[in-house]
Amino acid sequence: MARPNDEVEELLQEYADLLAITGGDAFKVRSYEKAARAIGGYHEDVSTLDGKALRAIPGVGKSIADKIVEYFATGSVQAVEEVRATMPAGVRELIAIPTLGPKKAAVLHDDLGITSVDQLVEAIEAERLRGLKGFGPRTEENILHGVRLLRQAGGRVLLNVALDVADAVIAELTAVTGCERCVYAGSLRRFRETIGDVDILAAAKDSEPLMRAFRSMSFVDEVIAAGEKKTSVRTTKGLQVDLRVVPLDAWGAALQYFTGSQAHNVRTRVMAVQAGLKLSEYGIFDAETGALIVSKTEEEVYHRLGLPWIPPPLREDRGEIEAALRGELPELVTEADLRGDLHTHTDLTDGVASLEDMVHAAAQRGLDYYAITDHAPDMPMQRMSDEKVLAQRRRVRELDGTVHGLRLLHGTELNIGPDGDVDWPEDFLRGFDIRVASIHSHFTQDRATMTRRLVRACENPCVDILGHPTARLIGRRLPVDVDLAEVFRACARTGTAMEINSAPDRLDLRDEDILLARRYGVMFAINSDAHAEPHLDLVRYGVGTAQRGWLTAADVINTWPLRRLRTFLAHKPTR
DNA sequence: GCCGTTTTCGGCCCGACTGTTTTCAGTCG
């Protein structure tokens with residue numbers, strides 16, 4: 001189901017985790033983690049590569065290349081199986097809890113026999129951790145808080161995970177004889193940031209061949225319900241997938257119904273009732289006679305209710321019905337509108353691909369311009385220096401315009417320190433074409449301090465974009481506590497753009513914050529924050545999030561022609 | 001386990017923060 005590279009990345013990461021828990025050499029653990037990332041971000045399908053080609057991937061040597069070859073030849077890796085046999089899978093789940101790492105997980109397993117998150121919570125409640133070396137009251141509190149955070153996602157998965165599953169299901173069902181149409185609907189079609197279950201809609205005269213194919217897919221773990229119109233399964237990863245099959249004639253009504261949201265559907269059904277109609281997943285009917293009026297396309301359904309077609313990301317009952325009635329629906333920004341990417345990394349810092357490879361991949365995407373924004377020296381782990389970044393700039397200048405005409409901007413991702421300062425003095429900062437500034441630490445400052453910190457960053461004449469502004473990681477870290485309205489005011493006043501970071505575990509700003517920011521006249525940048533070539537495609541999630549925030553192309557600075565962008569960057573009012 | 005204008009061994013991303021400690025281990029970015 002997943003890309004072969006993703007499978008290998010997951011396998012190597014699992015091996016690294018298990019090695020860490022079982023007390024393996026820390027450098028060896030890191031080697032596997034690094035190789036996992038490199039393979040996940042590698043542009044070629046690793047299942048098609050031989051040992052020699054695999055060893056050409058940075059971070060992959062003989063041992064790991066052999067394991068990858070073994071994996072594709074036999075379906076498993078002996079060394080991984082051996083360590084799996086000694087450590088239950090549930091122990092690895094423990095380290096997904098924030099503040100709980102491999103060492104503590106090992107103690108919990110070895111001393112208390114804990115092999116799952118549930119058992120850990122029980123053990124804390126039964127006070128069985130008391131007296132355990134290294135576990136005090138704060139540790140217990142932090143673990144319980146971490147578990148709550150994990151569960152807050154409520155079994156929901158990230159957008160990219162759900163989309164991979166949906167794409168795989170659709171590819172298989174589309175190939176079944178008799179399948180006339182097959183798409184995903186539900187919250188996935190609306191681009192919600194997390195997905196509870198994947199809704200697939202198909203059209204066919206006879207549903208049984210589709211249902212049979214669906215039930216027998218390789219990743220189905222359990223069939224929850226199996227009927228003529230609807231089948232529900234749970235995948236091996238625990239994600240529920242529902243398949244609905246309708247006659248082609250009912251396509252539009254069914255798609256409208258199964259796309260939701262529920263709140264939006266309530267509104268449309270009430271509108272139908274008020275017009276003497278009845279709206280269901282089978283069509284719009286005359287309430288009196290029961291006669292079918294329309295059902296074939298979503299456009300017809302909306303038009304019969306006196307509405308233009310409403311883009312799915314808007315269907316949340318957040319004013320879209322009223323805007324539609326007034327004829328004021330926004331012309332939403334699309335992926336095709338994006339001319340550039342303004343936040344990306346290379347292997348000079350924590351990316352896994354070279355400058356040249358990233359530039360070629362960006363050119364392949366058909367972008368007009370592309371900014372390289374590696375980390376600055378205030379994040380010591382990145383080992384950035386003036387010399388390194390200036391050497392990179394020279395190389396960027398050489399490459400500028402030479403790869404399919406792609407124009408290059410030399411930038412940096414600055415670190416916003418606890419008091420709002422950033423790396424490098426102003427004269428050095430002015431040497432960059434573009435500067436993103438982001439929070440990477442001190443996430444727990446109080447609201448007033450955090451607000452001052454971000455406002456100060458905006459007021460810095462050399463900060464062009466606030467990167468992942470709330471620093472949240474979905475399911476793992478809450479957004480920082482900050483008065484966003486105050487920050488948006490500062491952004492609007494200083495001409496600082498807000499990033500919509502497209503990484504599926506960030507999506508930061510999130511949709512509701514975008515809706516608010518827009519009211520303050522803030523400008524936005526939809527960026528990939530790519531650390532590898534395939535990440536450049538992640539902007540689809542950033543665009544979906546921007547659409548949920550009602551943004552048009554005019555609101556997004558990287559839809560502008562380069563000239564206009566450069567003017568924007570050069571004319572920060574505080575500069 | 002990987003890697004090499006310090007090259008086949010001996011380094012390896014390094015500093016800050018937190019909580020449990022009484023000098024430091026674990027986690028995180």
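Chain letters run A, B, ... following the sequence lines, proteins first and then strands; every chain starts at 1. Small disclaimer: the values here were computed from a predicted structure and weren't measured.
Put simply, the residue from Asp529(A), Asn527(A), Asn558(A) that forms a side chain to side chain donor-acceptor pair (under 3.5 Å) with His343(A) is Asp529(A).
dT20(B) and dG26(B): their P atoms are spaced 14 Å apart (whole Å). Nucleotides dT5(B) and dC13(B) place their P atoms 15 Å apart, quoted to the nearest Å. Going from the P atom of dG11(B) to that of dC17(B) covers 29 Å, rounded to whole Å. Rounded to a whole angstrom, the distance from the C1' atom of dC2(B) to that of dT8(B) is 12 Å. A distance of about 24 Å separates the P atoms of dG15(B) and dG10(B), rounded to the whole Å. Rounded to whole Å, the P atom of dG1(B) lies 27 Å from the corresponding atom of dT6(B).
Across the protein-nucleic acid pair, Leu100(A) atom CG and dT18(B) atom P stand 18 Å apart, rounded to whole Å. When rounded to the nearest whole Å, the span between CG of Asp347(A) and P of dC3(B) equals 13 Å. Taking atom NZ of Lys104(A) as the reference point, atom P of dA25(B) lies 12 Å away to the nearest angstrom. Atom pair His145(A):NE2 and dC28(B):P shows a separation of 14 Å (rounding to whole Å applied). Rounded to whole angstrom, the span from the CZ atom of Phe135(A) across to the C1' atom of dA25(B) amounts to 11 Å. Between the C1' atom of dG26(B) and the CG atom of Asp17(A) lies a distance of 15 Å, rounded to the nearest Å. Atoms CD (Glu33(A)) and C1' (dC2(B)) sit 14 Å apart, rounded to a whole Å. If you measure from atom CD1 of Ile97(A) to atom P of dT18(B), you get 20 Å, rounded to the nearest angstrom.
Lys62(A) comes within 4.0 angstrom of sugar-phosphate atoms only, judged by non-hydrogen atoms across all strands, and of no base. No contact: Arg476(A) has no heavy atom under 4.0 Å from any strand. Among the atoms of the strands shown, only primed sugar atoms or phosphate atoms (P, OP1, OP2) are found under 4.0 Å from some heavy atom of Val60(A). Among the protein residues, Thr139(A) comes within range of the sugar-phosphate backbone only, with heavy atoms under 4.0 Å from sugar or phosphate atoms but none that close to a base. Contacts of Asn142(A) with the nucleic acid, taken as non-hydrogen atoms under 4.0 Å apart, involve only primed sugar atoms and P, OP1 or OP2.
The side chain of Thr444(A) approaches dT18(B) more closely than any other nucleotide in the set dT18(B), dC2(B), dT20(B). For Leu473(A), the side-chain atoms get nearest to dG29(B) when compared with the rest of dC2(B), dG29(B), dA16(B). Side-chain proximity of His440(A) to dG1(B), dG29(B), dT20(B): nearest is dG29(B). Of the candidate nucleotides dG29(B), dT27(B), dT20(B), dT27(B) has the atom lying nearest to any side-chain atom of Lys103(A). Of all nucleotides listed (dG1(B), dG29(B), dT27(B)), dG1(B) comes nearest to the side chain of Lys67(A).
Applying the 4.0 Å criterion to OP1 and OP2 of dA16(B), one finds that His442(A) has every side-chain N and O outside that range. Listed pair Thr99(A) / dC28(B) fails the phosphate criterion, with no side-chain N or O lying under 4.0 Å from OP1 or OP2. Proximity of Arg138(A) to the phosphate of dT20(B): no side-chain N or O atom is located under 4.0 Å from OP1 or OP2.
Salt bridge status for Arg138(A) with Glu141(A): present, with a side-chain N to carboxylate O gap under 4.0 Å. A salt bridge does not link Glu70(A) to Lys67(A): none of the charged side-chain nitrogens sits closer than 4.0 Å to a carboxylate oxygen. Salt bridge absent: Asp427(A) and Arg430(A) never bring a charged side-chain N and a carboxylate O closer than 4.0 Å.
Closest-nucleotide positions on DNA chain B for Phe27(A) and Ala65(A) were compared, and the one nearer the 5' end corresponds to Ala65(A). Summary of the strand contacts: Val107(A) and Glu140(A) both lie near DNA chain B, and taking for each the nucleotide with the nearest heavy atom, the more 5' one is attributed to Glu140(A).
Of all nucleotides present, only dC28(B) satisfies the Watson-Crick or G-U wobble test against dG15(B), with each distance under 3.5 Å.
In terms of modelled atom types and a separation under 3.5 Å, the side chain of Arg472(A) and the main chain of Leu507(A) share a donor-acceptor contact.
Side-chain to base pairing of Ser63(A) with dG1(B): no donor and acceptor N or O lie closer than 3.5 Å to each other.
Between the side chains of Asp378(A) and Trp424(A), not a single donor N or O lies within less than 3.5 Å of an accepting N or O. Judged purely by distance below 3.5 Å, without hydrogens or angles, the side chains of Glu82(A) and Gln78(A) pair a donor atom with an acceptor atom.
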